[in-house]
Amino acid sequence: MTMRQMTRTITLALVTSGLLATSALAADKVPAPAQTPVLRVTGATVPAPLPGADALAAFMTLANPGSADVTLIGATSPEFGRVELHDVVPENGMLRMKQLPQMTVPAKGQLVLRPKSTHIMLIAPKQPLKAGDKVHLTINLAGRPALSLTLPVQTYKW
Amino acid sequence: VLTACVAAAAMGPMPARAYDLPHAMSVMAAKPMPAVPLVGKGGKTVRLDQLRGKWLFIYCGYTHCPSVCPTDMGFLGGELARLGPGRRLVQPVFVSVDPQRDTADKATAYAQAFDPGFWGLTGTDANLHAFIKAMGGGFAVEAAPAADPRNYNVAHSTWIYVVDPQGRHVASYSGESPRGSLAADFQFLRQAVETRK
């Protein structure tokens, strides 16, 4: 993937309303087909930190209306020192968070990022966050333009 | 559900049922609590095994846990809210198994987001291992990245341990239990203990 492709990002103004993310095609290219859907993002949220807690998680549902799998290969956020793709796995009678090199949204399927399951972990916040703040998240995809999301930090019903 | 089953299997064979509890993952034959000192608010020593007169609902986790602990603590907070008048009979306890980053005061502030009556405890690494092992669980502090030594994860079991007012560990619940299940079982537990007096 070229740097140009990497930096050609898709902005979702309202991620929670389930808008289709589409390729931001350059003016010199013929848009064929127009408005190619990449991933539909719904329910994106960052639960507000609990007292004293500074490791946060991003949850959302990623739906893939296309006929090819879409693979998440990492994520970054200007508000955090480190962002990782995580799963929660049972091991020796314990639950362990495991960093994943990638996550796949299957063709015509979806990937749900939720508590006690796959999630995007937000580590080392640069500023303390609270309900009402926003988190800017760039999710890098294999062979496709990155997704740029703005997530609300919200009081969460755990 | 899978997670709960795996966790239950790791505890070994199910002991004889002391009480008829439809939702408990594991029921003990009134097992004494481990005689292990833990640390409470302001650095005060707390011996949970010496407490009498209240039921204890105990969860062991850590405040930096972004997904598992808040979910299970949210479940426990919901069960406490469902107890109604029975709530005053229960002392909820959150034990942080991450004493390097969590003080008892920090654990208390965290836990009280789920119920204002929570005690937050921690302890020495050795005492925490002794305590949680005797209760049927475990935890493992994982290596931190060299560039970021403060940000490490802690694998841990996710039981809610139920201790009766005589200081006996009588049952363990999974945080994956259906909402309302621990609160419903608590009625059976109270009846069983009151009948046996």
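Chain A is the first sequence line, chain B the second, and so forth, proteins listed ahead of strands; every chain is numbered from 1. All of these numbers come straight from a predicted model, not from anything done at the bench.
Residues Glu91(A) and Lys98(A) are not paired through a salt bridge, judged by the lack of any N-O separation under 4.0 Å between the basic side chain and the carboxylate.
Only the side chain of Glu142(B) comes within less than 4.5 Å of a heavy atom of chain A; its backbone N, CA, C and O stay farther away. Using a 4.5 Å cut-off between heavy atoms, Asp102(B) makes no contact with chain A at all. The part of Met121(A) that comes within reach of chain B is its side chain, from C-beta onward, which places non-hydrogen atoms under 4.5 angstrom from that chain. Residue contact with chain B, scored on non-hydrogen atoms closer than 4.5 Å, involves the backbone of Leu56(A) exclusively. Proximity to chain A (any heavy atom under 4.5 Å) is shown, for Ala140(B), by both the backbone and the side chain.
Counting heavy-atom pairs closer than 4.5 Å to chain A, the top-ranked of the candidates Tyr62(B), Phe75(B), Phe114(B) is Phe114(B). Listed options Pro70(B), Gly74(B), Ala109(B) were ranked by heavy-atom pairs under 4.5 angstrom with chain A; first place goes to Pro70(B). Interface check for chain A: of the options Val154(B), Val68(B), Thr63(B), the most heavy-atom pairs under 4.5 Å are formed by Val68(B). With chain B as partner, the option from Lys157(A), Arg96(A), His119(A) having the largest number of non-hydrogen pairs under 4.5 angstrom is Arg96(A). Note on His156(B), Met73(B), Lys106(B): by heavy-atom pairs under 4.5 Å with chain A, the leading option is His156(B).
The main-chain N or O of Ala183(B) is found under 3.5 Å from a side-chain atom of Glu79(B) such that the two form a donor-acceptor pair.
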